[in-house]
> 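Following this message is one structure expressed as structure tokens.
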Amino acid sequence: MEFKSREIKERIQHFNGSLVLYQIPIIGTKFTEGIKYLAEAGECFWLVTDTSVIAKSLKDKSRFISIDFKKFTQEEKTIMGYEAKIDYSDGNGLIFETQKYHLTDFPLEEIRLFFVDDTLMLPSEY
């Protein structure tokens, strides 16, 4: 898992902009090539869907949503009672919503994504 995590972190840094946009048909969210790579390499299409649904519901609060995934250490899990969380914010510290996950197989310890104009992207693609 550690090798996979390192490889994903290294590869997502190389996505700048996106010539192709993909779309989640049911909800209409678009996502970039970097997000497509992340979903495939990390086997986490659930992350794309979950973050899209929540971010879309927050569009009336901000046109720009910063999405921060954080996986907790074993000690933090014991204290908090869940394994990971995703904070949805304006990018300046104002958190609109937090989703808690009791279990996750996401390979990275943390990641930040952006949701702008119905499009989910990596920060380097903004």
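In this chain, residues are counted from 1 in sequence order.
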> Please say whether more than 12 non-hydrogen atoms of neighbouring residues, nucleotides or ligands are located less than 6.0 Å from CD in Gln23.
yes

> List the atom of Lys56, the atom of Ile27, and the distance in Å for their closest heavy-atom pair.
CE-O, 2.9 Å

> With distance as the sole test, does Lys71 use its side chain to make a donor-acceptor pair with the main-chain N or O of Phe106 at under 3.5 Å?
yes

> So which atom in Gly42 and which in Pro107 form the shortest heavy-atom distance, rounded to 0.1 Å?
O-CD, 3.6 Å

> Tyr88 and side chain to side chain contact (heavy atoms under 4.5 Å, CB included): which partner among Leu113, Thr98, Thr51?
Thr51

> Please examine the side chains of Phe72 and Lys77, heavy atoms only from C-beta on, and report whether any two atoms are closer than 4.5 Å.
yes

> Please indicate whether Lys70 has more than 12 foreign heavy atoms, meaning atoms of other residues, nucleotides or ligands, lying under 6.0 Å from its NZ.
yes

> Over all heavy atoms of both residues, which pair between Ile12 and Lys9 is shortest? Give the atoms and the distance, please.
CG1-O, 3.5 Å

> Atom CE in Met80, atom CD in Glu75: separation rounded to 0.5 Å?
10.0 Å

> Given side chains that start at C-beta, do those of Leu38 and Ile111 come closer than 4.5 Å, heavy atoms only?
yes

> Could you state the interatomic distance from CD1 (Ile35) to CG (Leu21), rounded to the nearest 0.5 Å?
11.0 Å

> Please check if the side chain of Asp90 supplies one atom and the backbone of Asn92 the other of a donor-acceptor pair under 3.5 Å.
yes

> Between Asp117 and Lys30, which heavy-atom pair has the shortest distance, and what is it?
O-NZ, 3.8 Å

> Return yes if some donor-acceptor pair links the side-chain N/O of Thr49 with the main-chain N/O of Trp46 below 3.5 Å, else return no.
no

> Linking I/L/V/M/F/W/Y whenever their side-chain heavy atoms sit closer than 4.5 Å, directly or via other members, would Tyr126 and Phe115 fall into one cluster?
no

> Would the distance check show the side chain of Ser124 and the main-chain N or O of Leu122 forming a donor-acceptor pair, the cut-off being under 3.5 Å?
no

> Rounded to the nearest 0.5 Å, how far does OH of Tyr82 lie from CD of Glu76?
9.5 Å

> Hey, what's the ring geometry for Phe64 with Phe114, parallel, tilted or perpendicular (30° and 60° as the breaks)?
tilted

> For a 4.5 angstrom cut-off between non-hydrogen side-chain atoms, does Ile86 reach Ile54?
no

> Please answer whether the main-chain N or O of Glu33 pairs with a side-chain N or O of Ser18 as donor and acceptor at a distance below 3.5 Å.
yes

> Is any side-chain N of the basic residue among Glu43 and Lys4 closer than 4.0 Å to the acidic one's carboxylate O?
yes

> Would you call Asp87 and Lys85 a salt bridge, taking side-chain N to carboxylate O under 4.0 Å as the test?
yes

> Specify the closest pair of heavy atoms between Phe69 and Leu108, including all atoms of both residues, with the distance to one decimal.
CE2-O, 3.5 Å

> What are the two closest non-hydrogen atoms of Glu83 and Leu103, and how far apart are they?
OE1-CA, 3.4 Å

> List the steps, then state whether side chain to side chain contact (heavy atoms under 4.5 Å, CB included) holds for Ser52 with Val48.
CA-CA 6 Å; Ser52 295; Val48 175; 4.3 Å; yes

> Between Phe31 and Tyr22 (judged by ring centroids, cut-off 6.0 Å), do the two rings come close enough to count as a pair?
yes

> When rounded to the nearest 0.5 angstrom, what is the spacing between CD1 in Ile67 and CE in Met121?
9.5 Å

> Is there a side-chain contact between Leu120 and Ile24 in this structure, where contact means two heavy atoms from C-beta onward sitting under 4.5 Å apart?
no

> Check for a donor-acceptor pair, side chain of Glu125 on one end and backbone N or O of Thr32 on the other, with a separation under 3.5 Å.
no

> Might you confirm whether atom CG of Leu94 has over 12 heavy atoms from other residues, nucleotides or ligands at distances under 6.0 Å?
yes

> I'd like to know if Glu40 and Lys36 make a salt bridge, using a cut-off of under 4.0 Å between side-chain N and carboxylate O.
yes

> With a 4.5 Å limit on heavy-atom distance, are the side chains of Ile8 and Tyr37 in contact?
yes

